[in-house]
Amino acid sequence: MRIDVVSLFPDFVAQVAGHGVVGRAGERGLLSLHGWNPRDYAEGNYRRVDDRPFGGGPGMVMLIDPLRAALAAARAADPAPARVVYMSPQGRPLDQAKVRELAGLPRLVLLCGRYEGVDERLLAAEVDEELSIGDYVLSGGELAAAVVVDAVARLLPGALNDAESAAQDSFEAPEGEAGGPLLLDCPHYTRPVEHPLGAVPPVLLSGNHAGIARWRRQQSLLRTWQRRPDLIDPGALSKADCRLLDEALAEAGL
Ligand SMILES: c1cc(-c2cnc[nH]2)ccn1
């Protein structure tokens, strides 16, 4: 998979590409990451990339032409069709389903804005979709683009080792449970068994794999119910999950 990032801060791309799962995906030939700086396509002595907003108001707006030229250069760098995504608070919230969709594409171009944003005419003409990583304003789209790059890289076949894959799966709908709820992860524990901060739940020390799987599922259901009830459609829960959740709620006195 190829990801091109259009940004006024190209070293940002190198930072993301050089570490962890993204770096390893690059080393394994699973992902190539490229940066394109609109300032390289800006004209005039000052190579302007922004200007004052029509209608007045604070801040600056990114100009159409440098962005358009950088996008054209990115598109032309590879024959595969590219999905152009603008990282913006006005975008659709990013979720794991969208990450899975993006990870299945041959190419992705991530457009990062700065200042007050980008001239709307560029967005209308060049952008396929806008994505938000949350309801807050950042200094620019680069950190949001890094989130997309990391989340997508983790889903590329061969990017994760076995332990990492297992951890990743805990956030995915379990295989074979089509439409099963996306649940929050269960609690995790490691040595020591006894600690001033508390003990490890005995079931995890029991060696009873079925019992451990049941406890983990129940904890995920309970945690999701308590922290992100929006992720659970009670009518869509399996009978087994309903029983587990009811039991956990009763035990918790909820
Ligand atoms: C995506 C992008 C942004 C953002 C871009 N520029 C300022 N904030 C915020 C949230 N999700």
Side-chain angles (χ1 to χ4, degrees), residues 1-17 19-22 31 33-42 47-71 73-75 82-105 107-155 171 182 184 227-228 230-231:
M1 180 175 187
R2 176 181 175 124
I3 300 181
D4 295 88
V5 180
V6 175
S7 164
L8 289 170
F9 301 93
D11 59 343
F12 143 79
V13 174
Q15 284 300 313
V16 173
H19 301 284
V21 171
V22 178
L31 174 65
L33 206 51
H34 308 264
W36 302 85
N37 187 342
R39 196 173 298 281
D40 295 339
Y41 302 89
R47 297 202 296 167
R48 285 199 77 124
V49 292
D50 65 323
D51 209 331
R52 296 168 56 74
F54 283 126
M60 304 290 270
V61 175
M62 294 186 78
L63 293 164
I64 296 170
D65 287 338
L67 284 173
R68 197 169 183 211
L71 283 166
R75 288 181 193 273
R83 171 91 63 90
V84 179
V85 175
Y86 176 52
M87 305 311 301
S88 149
Q90 285 72 45
R92 167 193 152 159
L94 180 71
D95 60 15
Q96 195 65 14
K98 174 57 75 173
V99 171
R100 275 197 296 273
E101 178 196 329
L102 299 178
L105 298 173
R107 281 193 75 187
L108 202 49
V109 175
L110 301 178
L111 175 60
C112 303
R114 280 271 152 170
Y115 315 117
E116 291 311 302
V118 172
D119 189 302
E120 191 64 21
R121 291 168 290 182
L122 183 280
L123 302 180
E126 297 277 354
V127 168
D128 297 309
E129 62 180 300
E130 293 191 27
L131 283 180
S132 166
I133 62 165
D135 293 332
Y136 39 76
V137 180
L138 301 169
S139 304
E142 285 80 9
L143 287 175
V147 165
V148 172
V149 170
D150 187 278
V152 164
R154 298 178 60 82
L155 295 187
F171 280 86
L182 198 59
L184 300 185
R227 299 182 187 186
R228 289 292 307 277
D230 59 295
L231 294 178

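Counting starts at 1 for both ligands and their atoms, following the listed order.
Although no hydrogens or angles enter the test, the distance criterion places no donor-acceptor pair under 3.5 Å between the side chain of R114 and the main chain of M60. Formation of a donor-acceptor pair under 3.5 Å by the D128 side chain with backbone atoms of V84 is found in this model.
The protein non-hydrogen atom at the shortest distance from atom 2 (C) of ligand 1 is S88 N, 3.4 Å. Protein heavy atom closest to atom 7 (C) of ligand 1, with residue, atom name and distance, is L138 O, 2.9 Å. The protein heavy atom nearest to atom 3 (C) of ligand 1 is P89 CD, 3.6 Å.
Residue I133 places at least one N or O, backbone or side chain, under 3.5 Å from an N or O of ligand 1. Among the atoms of V137, none of the N or O lies under 3.5 angstrom from an N or O of ligand 1.
Atoms of ligand 1 lying under 4.0 Å from at least one heavy atom of A144, given by number and element, are 1 (C), 2 (C). Taking a cut-off of under 4.0 Å to the non-hydrogen atoms of G141, the atoms of ligand 1 that pass are 5 (C), 6 (N). Annotation for ligand 1: atoms under 4.0 Å from non-hydrogen atoms of Y136 are 9 (C), 10 (C). The G134 neighbourhood of ligand 1 comprises atoms 10 (C), with distances under 4.0 Å to a heavy atom of that residue.
Residues R68 and E126 are paired through a salt bridge, judged by an N-O separation under 4.0 Å between the basic side chain and the carboxylate.
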Audit row: E129, R83, salt bridge (Lys or Arg N to Asp or Glu O under 4.0 Å) steps and yes/no = CA-CA 8 Å; E129 62 180 300; R83 171 91 63 90; 2.4 Å; yes

Can V61 and R52 be said to form a side chain to side chain contact (heavy atoms under 4.5 Å, CB included), step by step?
-> CA-CA 6 Å; V61 175; R52 296 168 56 74; over 6 Å; no

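Using a 4.0 Å cut-off between heavy atoms, C112 makes no contact with ligand 1 at all.
When all heavy atoms of R39 and R47 are compared, the closest pair comes out as NH1-O, 3.2 Å.
Tested against V16, the residues V5, L33, D150 include a single side chain to side chain contact (heavy atoms under 4.5 Å, CB included) partner, L33.
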